[in-house]
Amino acid sequence: MSKASTATKRLLLGRPFRSDTLGHTLLPKRIALPVFASDAMSSVAYAPQEIFLVLSVAGLSAYTYTPWIGLAVALVMVVVVASYRQNVHAYPSGGGDYEVATTNLGPTAGLTVGSALLVDYVLTVAVSIASAAENIGSAVPFVQTHKVLFCVFAIVLLTSINLRGLRESGTAFAIPTYAFIVGMVAMLVWGFLRVYVFGDDIHSETAGYEIKAEQDHLIGIAFVFLIARAFSSGCAALTGVEAISNGVPAFQKPKSRNAATTLLLLGSISIVLLMGIILLAKEIGVKYVSNPAKDLIGAPEGYEQKSLIAQIAHAVFGGFTPGFYFVTVVTALILVLAANTAFNGFPVLGSVLAQDRYLPRQLHTRGDRLAFSNGILFLAAAAIAFIVAFGAEVTALIQLYIVGVFVSFTLSQIGMVKHWTRHLKTERDPSARARMVRSRIINTIGLLMTGSVLIIVLITKFLAGAWIAIVAMVAIFGLMKLIHRHYASVQAELDNSDYEAVLPSRTHSIVLVSTLHLPSRRALAFARATRPDKLEAVTVNVDDRDTRKLVAQWEDSDITVPLKVIASPYREVTRPVIDYVRRLRRESPRDVVTVFIPEYVVGHWWEQILHNQSALRLKGRLLFEPGVMVTSVPWQLSSSDRRKRDRTYIAPGDTRRGVGTLPGERNDPQ
């Protein structure tokens with residue numbers, strides 16, 4: 001990299017971390033909570049809104065069911081949190097649901113969970129960022145009209161922050177996350193005090209409007225279906241719970257206990273905020289519809305509907321404008337930062353899958369800052385694709401959401417039930433058996449609950465867009481199978497113990513020349529140094545005059561290596577050389593043919609376009625020829641001198657130890 005590129009990279013990402021400093025990047029609970037729990041806590045900003053939105057189809061009377069739907073969602077969250085506390089103790093290695101399913105149900109179930117979670121992490125980023133744009137748009141009209149642009153910028157910003165490393169991103173996100181908790185609690189407490197203690201008559205800005213019901217005649221099964229759909233949308237509040245089980249290795253020791261404590265805090269805060277928002281919204285008459293211009297009776301012309309949180313904050317704080325803006329800003333921030341849960345969970349899961357050879361090995365490699373950089377970049381690209389494809393519309397994106405997470409929830413709980421059953425067969429200690437029986441009961445309840453929710457989600461959301469998420473899961477599942485098959489076949493081929501090394505009978509070296517200049521002479525010298533059995537220079541006749549000139553120069557020089565001219569009636573270079581090398585291999589199959597290719601080393605990227613193109617094409621073809629070795633002989637042009645002058649970063653103490661100093665080079669402090 002050039003100095004400018006290196007400086008830019010260091011400015012954005014910071015100095016690289018040594019591998020042995022990985023332990024210093026582990027997270028205490030106070031930092032782990034905002035890192036891993038921001039998704040689950042922030043979902044209370046859009047899950048209640050989606051419940052109100054779905055029920056508005058049946059008219060204002062359907063809002064009566066919002067507290068009961070909220071209680072049902074809270075009950076599912078209690079069960080899921082309790083179940084995952086068992087998971088983090090039983091499987092603390094960081095594989096999470098994938099490891100649980102793979103170990104207890106087999107590789108196919110594990111891959112199903114892996115593909116579901118990968119899709120869900122991508123949608124977590126897309127939904128969270130789109131919801132943040134909607135909330136900010138309630139206070140800033142420019143964002144409302146440029147949502148896609150805002151979302152893309154936010155994802156790029158999050159990506160750059162996460163590339164700096166886990167602990168650093170966690171520290172950056174801690175203050176906004178805790179500010180969101182404080183702001184929401186303050187809004188709910190003050191709102192309930194005004195309503196129930198001070199007796200204030202507060203109403204939201206939509207309280208005086210009526211809802212034009214699209215299907216107010218719903219009865220029987222149709223109405224039950226609507227309630228089920230509202231419940232499935234509200235279950236978006238559970239997304240992010242699984243991220244802690246995937247991120248246990250990022251916690252400080254004792255890892256399992258700290259992860260379980262963080263999980264309990266996550267569940268408690270999310271349930272309080274979820275129920276508080278639903279109850280207060282119903283109390284002050286909040287209404288939220290899909291098309292305010294058509295569905296809100298009494299709304300003024302051109303009315304811009306605020307988000308549910310913004311309506312509550314505006315009503316609760318009344319004339320206190322700073323309170324309204326504080327809640328709006330921290331809500332938008334937590335929704336942006338909620339995507340950070342996926343930026344921590346996706347790369348870790350991708351690393352585990354890559355280690356098991358289901359994804360490219362590059363996803364298992366840590367970057368300069370000890371973060372899984374390739375996974376972070378892949379997640380950002382996929383989330384931006386969804387944002388652009390769906391126009392950053394939360395209502396459209398959320399239909400694809402939560403399918404994957406409940407697939408992983410259900411398979412994980414089946415795996416945990418099987419895990420405890422297997423261990424109970426061998427465990428003899430009564431106290432240990434009692435703990436295992438209790439854990440199995442918790443996971444069994446979790447299985448029944450999450451399985452039921454999964455069925456409801458599939459029934460109510462499949463045609464609304466969930467099928468897209470399912471198709472994506474199937475595609476990723478098939479792709480991971482193909483990648484694993486490739487890695488397995490390569491390993492079987494390379495690990496063949498029957499291989500017997502047979503030395504070649506002779507070596508036949510060829511030096512490719514087009515002009516008799518210094519790079520050609522160096523290539524000839526290097527070829528001689530290898531002491532081949534036969535050495536010859538080869539040129540391709542693409543221009544008669546240039547070829548005759550080269551032959552004349554060759555005969556007048558002191559070079560003793562014979563020059564062979566290959567005819568090329570169609571002025572090709574690559575094909576005649578390939579045919580000639582193949583002919584040599586047919587004549588002497590046990591010989592090794594070594595092709596020496598002179599190449600220019602340049603200092604600017606645009607110079608690479610002007611040179612070495614024929615050499616690159618030729619090398620690409622020769623690599624596929626059996627029994628042929630290709631050697632590049634570099635010649636550094638003067639433009640490459642600036643690269644030689646680039647000084648490598650010398651760490652403190654390296655000079656004293658002799659590290660980073662070339663022989664004869666002096667590290668001048670000036």
With side chain to side chain contact (heavy atoms under 4.5 Å, CB included) as the test, pick out the partner of Ser568 among Val540, Asn541, Thr539, Thr574. Val540
Compare every heavy atom of Gly391 with every heavy atom of Lys147, then report the nearest pair and how far apart it is. CE-O, 4.4 Å
Okay, side chain of Arg585, backbone of Pro626: is any donor-acceptor separation there less than 3.5 Å? yes
For Trp467, is the CH2 atom crowded, meaning more than 12 foreign heavy atoms sit under 6.0 Å from it? no
Carefully, step by step, assess Phe386 and Val127 under the rule side chain to side chain contact (heavy atoms under 4.5 Å, CB included). CA-CA 9 Å; Phe386 271 101; Val127 171; over 6 Å; no
pair Met473-Val403: side-chain heavy atoms closer than 4.5 Å: yes
Do the charged groups of Asp579 and Arg583 touch, with an N to O distance under 4.0 Å? no
So Val633 and Trp635, do their side chains get closer than 4.5 Å, heavy atoms only? no
Please say which of Leu157, Thr159, Val152 ends up in a side chain to side chain contact (heavy atoms under 4.5 Å, CB included) with Ile155. Thr159
What are the two closest non-hydrogen atoms of Ile597 and Ala615, and how far apart are they? CG2-CB, 3.8 Å
Where do Ala567 and Pro576 come nearest, in terms of heavy atoms and distance? O-CB, 4.1 Å
Would a 4.5 Å heavy-atom cut-off, applied to side chains only, mark Arg528 and Thr560 as touching? yes
Do side-chain atoms of Tyr600 reach the backbone of Pro519 as a donor and acceptor pair under 3.5 angstrom? no
According to the interplanar angle, ranging from 0 to 90°, do the rings of Phe346 and Tyr121 count as parallel (below 30°), tilted (30 to 60°) or perpendicular (above 60°)? perpendicular
Should Leu379 and Val122 count as side-chain neighbours, where that means a heavy-atom distance under 4.5 Å? yes
Is there a side-chain contact between Ser588 and His508 (heavy atoms, below 4.5 Å)? no
Evaluate side-chain hydrogen bond (donor to acceptor under 3.5 Å, both in side chains) for His486 paired with Ser489, printing each intermediate quantity in order. CA-CA 5 Å; His486 169 75; Ser489 63; 4.6 Å; no
